[in-house]
Amino acid sequence: MGRFVYSMQVSLDLRIEQVPGDNGAGEWLRIDEELHREANAQTQALALMVQGRVYYEVMEEYWPRAREDASLPDVMREYGEIWTAKPKVLVSRTRLSADHNTRIIGGDDAIEQLAALRAETDGSISVGGAALATQLLRAGLLDELLLFTHPAILGFGRPLFDDYDVPIDLDLLEQRSFEQGVTMHRYAIRDAKEAGSC
């Protein structure tokens with residue numbers, strides 16, 4: 001049984017975008033080499049990545065080219081290699097094809113297909129995209145949150161989950177601090193469905 005892990009860069013007030021579409025490029029983010037190396041290690045350890053269309057297309061646009069861009073630091077080129085090679089699932093109603101070791105799941109039964117994927121996967125499955133993470137949370141299929149919290153309060157912008165206003169009980173599994181003031185917190189979601197019940 002795999003575990004769906006929603007990994008995201010967040011502000012102290014749990015915002016993931018200050019400006020619509022900034023997609024991880026906001027000036028409030030403090031991503032240095034130390035933090036990037038941690039992200040590389042976390043991504044390398046994944047069994048699989050599952051990403052919503054908007055999130056996937058941002059990654060698809062940048063990371064395959066980044067691995068061959070000599071002007072970038074080696075840690076970024078390395079992430080480009082990891083992302084491109086890692087098995088991925090794109091959840092989309094509109095995309096019919098995708099490269100970079102990616103298969104597509106779509107249609108009205110996408111969440112049921114993802115539940116089956118979780119059941120047959122051994123290891124952690126990252127979830128990319130707030131809309132997808134919210135759907136998995138509603139279905140009781142989201143197992144963990146991996147939050148990299150940056151020392152900024154945005155006051156407005158897109159929240160960690162889209163249109164979700166139900167309390168979520170969490171258990172802290174791991175925490176770590178980085179030199180730029182970013183903290184990593186990994187939480188288990190108590191309401192996630194156990195093996196055999198999804």
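Numbering starts at 1 and runs along the sequence shown. Predicted model, so just to flag it, every value in this text is computed and none were measured. Heavy atoms only: backbone and side chains are in, while hydrogens, waters and symmetry mates are out.
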Does the pair [X]/[Y] count as a salt bridge with the N-to-O cut at 4.0 Å?
X	Y	value
R53	E60	no
D171	R190	yes
D74	R37	yes
R77	E81	no

Rounded to the nearest 0.5 Å, what separates atom [atom1] in [X] from atom [atom2] in [Y]?
X	Y	atom1	atom2	result
L147	M184	CG	CE	10.5 Å
Y55	S126	OH	OG	7.0 Å
L35	N40	CG	CG	10.0 Å
Y6	L160	OH	CG	4.5 Å
F148	L29	CZ	CG	12.0 Å
R30	T149	CZ	OG1	12.5 Å

Mutual orientation of the aromatic rings belonging to Y79 and W63 [parallel < 30°, tilted 30-60°, perpendicular > 60°]: perpendicular

Ring geometry between Y164 and F161 (parallel below 30°, tilted from 30 to 60°, perpendicular above 60°):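 Ring orientation of F161 relative to Y164: tilted.
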
Under 3.5 Å: donor-acceptor pair, side chain of [X], backbone of [Y]:
X	Y	value
R95	S92	no
E144	R186	no
K88	Q51	no
D143	F4	yes
K86	M49	no

So [Y] and [X], do their side chains get closer than 4.5 Å, heavy atoms only?
X	Y	result
L114	I105	yes
L145	L142	yes
V89	I104	no
D163	R138	yes
Q42	S7	no
L14	P159	no

Answer yes if [X] and [Y] sit in the same cluster of Ile, Leu, Val, Met, Phe, Trp and Tyr residues linked by side chain heavy atoms under 4.5 Å apart, and no otherwise.
X	Y	result
L173	V127	no
I31	I82	no
L170	V166	yes

Atom CG of D169: over 12 foreign heavy atoms under 6.0 Å: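 It does: D169 CG has more than 12 such atoms within range.
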
L172 CG: over 12 foreign heavy atoms closer than 6.0 Å: yes

Write down the atom of [X], the atom of [Y], and the distance for their closest heavy-atom approach.
X	Y	answer
G129	M8	N-CE, 4.3 Å
I125	G2	CD1-CA, 4.4 Å
S11	A152	CB-O, 3.2 Å
G52	L132	N-CD2, 3.6 Å
G106	Q113	O-NE2, 3.0 Å
A47	P87	O-CG, 4.1 Å

Residue pairs, two or more places apart or on separate chains, that pass salt bridge (charged side-chain N to carboxylate O under 4.0 Å, His left out) and touch residues 104-117: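 For residues 104-117, and leaving out neighbouring residues, the salt bridge (charged side-chain N to carboxylate O under 4.0 Å, His left out) pairs sorted by first residue read R93-D108.
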
H100 vs W83, side chain to side chain contact (heavy atoms under 4.5 Å, CB included): CA-CA, chis, key distance, verdict: CA-CA 8 Å; H100 315 300; W83 186 88; 4.1 Å; yes

All salt bridge (charged side-chain N to carboxylate O under 4.0 Å, His left out) counterparts of R65, not counting sequence neighbours: E61

Results of salt bridge (charged side-chain N to carboxylate O under 4.0 Å, His left out) for R15 - residues two or more places apart only: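 Checked R15 against salt bridge (charged side-chain N to carboxylate O under 4.0 Å, His left out); zero matches.
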
Under 3.5 Å side-chain donor-acceptor pair for D32 and H36: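 Side-chain D/A pair, D32 to H36: absent.
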
Polar side chain donor-acceptor pair, T102 to Y56, under 3.5 angstrom: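 There is such a pair between these side chains.
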
Worked check of side chain to side chain contact (heavy atoms under 4.5 Å, CB included) between L90 and R103: CA-CA 6 Å; L90 165 58; R103 69 178 171 130; over 6 Å; no

Side chain to side chain donor-acceptor pair (under 3.5 Å) evaluation trace for H150 with Q9: CA-CA 7 Å; H150 294 254; Q9 310 287 331; 2.5 Å; yes

L12: hydrophobic cluster co-members (side-chain, 4.5 Å): I153

Contacts table for residues 175-182: side-chain donor-acceptor under 3.5 angstrom, sequence neighbours left out:
unit_1 : atom_1 : unit_2 : atom_2 : d
R176   : NH1    : E38    : OE1    : 2.4

Verdict with reasoning, L117 to L48, per side chain to side chain contact (heavy atoms under 4.5 Å, CB included): CA-CA 10 Å; L117 181 70; L48 180 67; 3.5 Å; yes

Set of residues satisfying side-chain hydrogen bond (donor to acceptor under 3.5 Å, both in side chains) with respect to N101, sequence neighbours excluded: none

